[in-house]
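Notes follow once the structure below has been shown.
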Amino acid sequence: MAQIGQIIVDVPTMQTNEPYSYAIPADLENQVQVGMRVTVPFGRGHRVVSGVVVGLSDVTNFDGQLKPIQSVLDLAPILTTELQQLAAWLADTTYAFRITCIQTMLPSLLKAQTERQIQPTVPLTDQEMATYFPDGAPRAFDTSKLADTTLAGLLRLQRAGKVEVTYQVTSKAAAKTTTGIKPALPVAKLQEIQAEVAKRAPKQAELLAYLQTMDPDKLVAQSQVSHATGVSTAVMTTAADKGWLTKQPLEVYRDPFHQPVTPTKPLKLNAEQQVAVTAITKAVDEQRTENFLVEGVTGSGKTEVYLQSIAVALQQHRTALMMVPEIALTPQMVNRVKARFGQRVAVLHSGLSKGEQYDEWRRIDQGEATVVVGARSAIFAPVRNLGIIIMDEEHESSYKQDENPRYHARDVALWRGKYNHCPVVLGSATPSLETRARAAKGLYTRLLLAKRVNDHPLPTVHIVDMREEVKQRADGDFSQPLLTAIQERLDRHEQMVLMLNRRGYSSFVMCRDCGFVLKCPNCDISLTLHMDTHTMKCHYCGHEEAIPHICPNCHSRKIRYYGTGTQKVETALQKEFPTARILRMDVDSTRRKGAHEKILRQFGDHQADILLGTQMIAKGLDFPNVTLVGVLNADTALGLPDFRASERTFQLLTQVSGRAGRAEKPGEVFIQTFNPDHYAIELAQQQDYERFFVTEMHMRHQGNYPPYYFAVQLTASHEDEATAAKAMYQIVGTLQKGLSKDAIVLGPTPKAIARVKRKYYYQVVIKYKREPQLRPLLEKIRQAAQIPARHGLAITIDSEPMNFM
DNA sequence: AGCACGCCGACT
DNA sequence: GTCGGCGTGCTC
């Protein structure tokens with residue numbers, strides 16, 4: 001029997017980022033298992049922390065006195081072997097603490113809380129009691145909540161040994177319970193009583209009859225019995241008093257999606273879909289890791305391919321994981337999966353309450369749910385025996401977490417695919433350059449869905465040159481062609497979607513006459529406007545110059561910040577079309593829970609003619625009556641100082657164009673732009689992903705950007721700007737000493753938004769192809785960062801960042 | 001993270 | 001002279 005447990009304690013620091021050895025006391029010997037949470041004494045005082053058991057052994061290389069594990073928090077392991085290994089890998093590749101990774105993988109209710117209490121050890125004077133324990137002893141001891149004088153006084157008493165602090169580690173995880181009942185007497189006896197009461201108490205007799213049909217070992221919810229028999233709970237209470245039945249709390253799941261779903265059958269596939277399903281399910285059959293890229297135009301029926309592939313995995317008694325971006329995880333989407341797989345589906349996303357998340361997690365852990373649909377963190381769902389992993393809209397940047405651990409769900413998916421010997425299916429109409437390039441290299445099997453189901457044609461896309469429009473009309477958000485098109489739709493009682501691109505709002509300067517955007521002379525990247533310093537800055541090399549008042553290209557005076565807001569546009573739109581019914585969907589109008597769905601439902605019921613919104617309307621909406629899509633400002637994302645600006649613009653325009661003409665009526669798209677000749681816009685008009693890919697790859701090659709290079713971003717932040725900058729310069733010094741000549745170090749530069757929450761941010765980006773010294777160097781930097789961290793200097797490492805700015 | 005130990009200025 | 005301020009090292 002193992003004597004020693006290896007524990008990762010819940011103390012996120014570098015020196016506790018490895019297992020600590022604890023003795024397993026005899027009474028816990030049969031309880032402690034790898035993957036369970038425990039509480040352990042930690043440090044000199046009486047401090048107690050929680051931790052996770054990652055190993056059991058008889059020996060340890062720690063040559064000190066081992067402390068014993070204090071208690072076990074779980075009845076069964078909460079981490080499978082797979083997830084334990086995944087946590088270790090994740091910590092390694094993202095430069096995060098192991099305990100942080102473990103907590104990220106678990107529902108938040110399983111994060112143990114430590115509470116401290118303070119109480120007298122000797123009788124205190126009345127005066128002391130009144131001052132420090134007005135509500136009686138013991139009292140909660142939260143140093144951040146107590147008044148300074150009270151805290152000081154309590155600490156003085158503590159030093160005098162008159163009071164002591166005790167620690168309590170609690171896990172909030174609690175299953176919801178309802179009242180359950182089960183028969184307390186044998187069937188024969190119940191029958192006897194039933195006969196006795198039959199005449200005078202029909203309800204009691206009915207209940208007794210029902211009790212005889214029940215499994216004596218299984219609790220049934222009181223409400224369920226009442227529903228089945230028509231016997232009120234009052235009768236059951238009487239019956240319990242008489243000893244016919246026993247009442248006990250019964251664990252139930254909170255059901256986040258209780259509305260019934262009409263089941264659906266698999267749809268008939270077209271030839272392309274069939275090829276895709278065959279290829280994917282072959283890998284499922286053979287239990288083989290094979291990664292697929294399903295490249296399908298909008299409306300090509302990717303979802304049906306996913307569902308039928310999942311069905312095959314389930315037939316083989318394996319499980320399935322289907323990843324969807326948070327923004328696309330709508331009830332419509334979930335219902336589509338539930339309609340096919342019913343009760344086997346679990347849903348994980350941030351819109352659920354913590355209790356609901358925990359319940360869905362438990363259903364998966366118990367094996368009751370075998371299909372998991374969820375957003376980013378669902379990639380850590382405790383499914384066993386995975387048979388397929390699907391990641392829809394794989395190009396979505398929300399799959400990358402922007403706090404520690406800074407992981408990309410796609411990388412985790414590939415890891416789990418390999419571990420489980422199962423295929424990983426990445427799907428998109430506009431794959432990320434990284435993924436498409438890997439497919440080109442043969443790392444992923446490419447499956448094309450070029451046809452729209454039902455052969456609906458792709459919409460006609462018009463580019464509106466706003467440079468011309470601005471010349472002819474006053475400064476407005478709407479071009480004449482778009483206004484005409486809107487009027488046509490209103491006349492025909494058809495619906496339309498107008499998108500306002502909010503990214504990069506007001507952050508760059510563009511000429512309204514020629515579309516000229518000020519770029520950095522060294523980096524070929526847009527300069528960002530900094531109102532605080534009244535300069536234009538490059539966030540790659542630090543180049544800085546004055547804000548232009550005359551366009552350097554055409555000498556026009558109409559060079560100014562570019563940007564506008566949805567509310568302003570709504571007002572203008574309503575003025576143009578006084579009778580049009582407009583729904584606005586942006587961050588403001590969807591802040592309330594459920595507001596998002598409500599707006600979509602209203603639009604679906606044709607309670608409005610125009611849906612005006614930001615990026616969030618571009619994804620996955622499917623309204624058959626929409627025949628017009630307008631993009632008011634296609635350029636804003638292009639102006640961002642990010643090498644992915646073109647890619648994002650192309651993806652967004654292609655996605656939003658796909659919203660038009662989903663049914664019989666043909667669709668039309670109008671893209672208003674000041675850069676009609678930009679390849680991202682031209683190729684989005686032609687809906688030519690392949691040419692965009694080739695063109696953009698060329699640009700990336702020229703600029704030494706991913707996917708030709710790997711990238712790591714380091715950021716320093718501090719309240720004092722000079723401290724942050726100095727730290728970054730020191731780091732660059734360390735890097736340049738250790739890295740090879742081939743590595744490209746960009747920076748240090750201030751971040752695009754240099755000051756956030758009273759802190760200044762400085763960053764450096766390293767681009768490299770092969771750099772064996774990088775990892776040890778970064779570890780060294782992490783180690784060194786600990787000392788100044790005391791003074792508020794935070795260093796973060798982001799491998800393959802999504803935002804360079 | 002959070003606790004104890006340890007070294008310096010203003011008080012009984 | 002001590003109390004208590006914060007800066008530093010360490011936690012199986």
Side-chain angles (χ1 to χ4, degrees), chain A residues 2-25 28-29 32 34 36-73 91 96-104 108 111-118 121 132 140-170 403-405 718-720 723 782-796:
Chain A
Q3 305 290 304
I4 294 162
Q6 308 297 335
I7 318 279
I8 300 278
V9 292
D10 183 9
V11 180
T13 65
M14 285 225 76
Q15 40 285 320
T16 54
N17 196 25
E18 56 178 3
Y20 273 45
S21 300
Y22 279 87
I24 301 174
L28 296 180
E29 210 170 291
V32 178
V34 176
M36 284 179 173
R37 295 172 306 156
V38 292
T39 65
V40 291
F42 187 78
R44 273 179 276 197
H46 299 273
R47 194 178 168 203
V48 177
V49 298
S50 70
V52 175
V53 184
V54 295
L56 296 173
S57 59
D58 295 316
V59 287
T60 173
N61 38 19
F62 176 73
D63 55 359
Q65 182 63 45
L66 294 188
K67 290 182 180 177
I69 290 174
Q70 189 202 48
S71 72
V72 181
L73 288 175
F97 300 123
R98 260 175 95 170
I99 191 68
T100 314
C101 292
I102 290 171
Q103 278 162 359
T104 302
S108 54
K111 185 177 151 66
Q113 310 284 316
T114 41
E115 274 163 23
R116 292 186 294 173
Q117 288 194 323
I118 192 159
T121 49
Y132 301 115
F141 186 61
D142 184 340
T143 45
S144 62
K145 278 189 190 153
L146 288 171
D148 285 356
T149 49
T150 318
L151 181 59
L154 283 169
L155 289 174
R156 200 176 315 115
L157 288 175
Q158 190 187 21
R159 269 190 302 275
K162 290 182 178 172
V163 295
E164 66 170 0
V165 177
T166 55
Y167 297 75
Q168 232 176 338
V169 177
T170 52
E403 59 189 59
N404 285 337
H718 195 270
E719 285 194 5
D720 173 46
T723 309
R782 271 181 96 191
Q783 203 78 45
Q786 289 188 93
I787 299 141
R790 282 263 160 82
H791 312 290
L793 180 78
I795 305 288
T796 59

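Here is how names work: the chains are called A, B, and so on, in the same order as the sequence lines, proteins then strands, and each is numbered from 1.
- Listed by chain and residue number, nothing satisfies the side chain to side chain donor-acceptor pair (under 3.5 Å) test with N17(A) (two or more places apart in sequence, or in another chain).
- Contacts between chain A and DNA chain B, taken as any atom within less than 4.0 angstrom of a protein heavy atom, begin and end at dA1(B) to dC5(B).
- Scanning DNA chain C 5' to 3' for nucleotides with an atom closer than 4.0 angstrom to a non-hydrogen atom of chain A gives a first and last hit of dG4(C) to dC12(C).
- Under the side chain to side chain donor-acceptor pair (under 3.5 Å) criterion, no residue pair touches residues 44-54 of chain A, with sequence neighbours excluded.
- By the side chain to side chain donor-acceptor pair (under 3.5 Å) test, E18(A) is found to be paired with no residue, residues two or more places apart in sequence or in another chain being considered.
- Within the 4.0 angstrom heavy-atom criterion, only backbone atoms of the sugar-phosphate kind lie near Y167(A); the bases stay farther away.
- In this structure, Q6(A) reaches neither bases nor backbone, as no heavy-atom distance under 4.0 Å exists between it and the strands shown.
- In terms of the side chain to side chain donor-acceptor pair (under 3.5 Å) criterion, residue partners of T13(A) (sequence neighbours excluded) are, by chain and number, T16(A).
- Heavy-atom distances to DNA chain C give each of H791(A) and K67(A) a nearest nucleotide, and the one nearer the 5′ end belongs to H791(A).
- In this view, T60(A) and S21(A) satisfy the side chain to side chain donor-acceptor pair (under 3.5 Å) rule, not counting sequence neighbours.
- Nearest-nucleotide positions on DNA chain B place R47(A) closer to the 5' end than the other of R44(A) and R47(A).
- F42(A) comes within 4.0 angstrom of a nucleotide base, judged by non-hydrogen atoms across all strands.
- Residue contacts for P41(A): at a heavy-atom cut-off of 4.0 Å it reaches the sugar-phosphate backbone alone, with no base atom in range.
- The residue from V38(A), V53(A), L56(A), L66(A) that alone fulfils the side-chain contact (heavy atoms from CB on, under 4.5 Å) condition with I24(A) is L56(A).
- Partners of R782(A) according to the salt bridge (charged side-chain N to carboxylate O under 4.0 Å, His left out) rule, which considers only residues two or more places apart in sequence or in another chain, are E779(A).
- Taking the side chain to side chain contact (heavy atoms under 4.5 Å, CB included) definition, one finds that P19(A) meets it with Q6(A), I8(A), V54(A), R98(A), sequence neighbours left out.
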